[in-house]
Amino acid sequence: MAIKLKVTNLKGNECAQKITKSIQTMESDAKVDVNVDTKTVTVDTTASEESIKQIVQSAGYTIEGY
């Protein structure tokens, strides 16, 4: 299942790497695509959307509408 999130405080490649590492630490099989220009994170995973959102937030990022 693909989950697409708008991360409002995503600033650059360092943020993209931190988000990717955080998600893959918790969900090792997740495929993570971070687009810095559009501030979106797309995750292809079997995990729930809620758990992915919690991982991104615990890494210090804000999800639009959440």
Side-chain angles (χ1 to χ4, degrees):
M1 180 176 85
I3 300 165
K4 188 171 185 178
L5 306 172
K6 178 91 170 173
V7 181
T8 55
N9 59 337
L10 179 58
K11 304 248 188 282
N13 286 333
E14 189 174 307
C15 293
Q17 290 173 351
K18 184 176 179 183
I19 289 171
T20 300
K21 185 176 180 184
S22 295
I23 292 170
Q24 289 180 334
T25 296
M26 300 299 286
E27 300 294 333
S28 60
D29 63 337
K31 294 181 183 76
V32 182
D33 179 46
V34 180
N35 186 319
V36 175
D37 296 329
T38 61
K39 297 184 182 288
T40 56
V41 177
T42 306
V43 184
D44 190 4
T45 183
T46 56
S48 71
E49 182 173 341
E50 184 67 25
S51 67
I52 297 299
K53 286 179 177 179
Q54 288 176 357
I55 293 167
V56 172
Q57 281 193 311
S58 68
Y61 296 94
T62 304
I63 300 166
E64 185 175 86
Y66 182 72

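Screening residues 27-47 for side-chain hydrogen bond (donor to acceptor under 3.5 Å, both in side chains) gives Asn35-Thr38, Thr38-Thr40 as the qualifying pairs, with residues at least two apart or on separate chains. Legend: salt bridge (Lys or Arg N to Asp or Glu O under 4.0 Å) pairs involving residues 56-66, not counting sequence neighbours: none detected. Here salt bridge (Lys or Arg N to Asp or Glu O under 4.0 Å) pairs that include residues 1-12, with residues two or more places apart or in two chains, number zero.
The nearest pair of heavy atoms linking Ala16 to Val34 is CB-CG1, 3.5 Å. Residues Asn9 and Gly60 approach most closely at ND2-O, 3.3 Å, considering heavy atoms.
Summarising the geometry, atom CG belonging to Leu5 is positioned 12.0 Å from atom OG1 belonging to Thr62; distances are rounded to the nearest 0.5 Å. A distance of 5.0 Å separates CD1 in Ile3 from CD1 in Ile52, rounded to the nearest 0.5 Å.
Listed by chain and number, the hydrophobic cluster partners of Val36 come to none, as no ILVMFWY side chain reaches under 4.5 Å of it.
Every side-chain hydrogen bond (donor to acceptor under 3.5 Å, both in side chains) that Glu50 has, sequence neighbours left out, goes to Gln54, Tyr66. The side-chain hydrogen bond (donor to acceptor under 3.5 Å, both in side chains) search around Thr8 returns none, not counting sequence neighbours. Looking at residues two or more places apart in sequence or on another chain, you find a side-chain contact (heavy atoms from CB on, under 4.5 Å) between Lys21 and Thr25. Residues meeting the salt bridge (Lys or Arg N to Asp or Glu O under 4.0 Å) test with Lys53, sequence neighbours left out: Glu49. Every residue was checked against the side-chain hydrogen bond (donor to acceptor under 3.5 Å, both in side chains) condition with Gln24, not counting sequence neighbours, and none meets it. Under the side-chain hydrogen bond (donor to acceptor under 3.5 Å, both in side chains) criterion, Ser58 pairs with no residue, sequence neighbours left out.
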Quiz item: Step by step, would you call Val56 with Val43 a side chain to side chain contact (heavy atoms under 4.5 Å, CB included)?
Solution: CA-CA 11 Å; Val56 172; Val43 184; over 6 Å; no
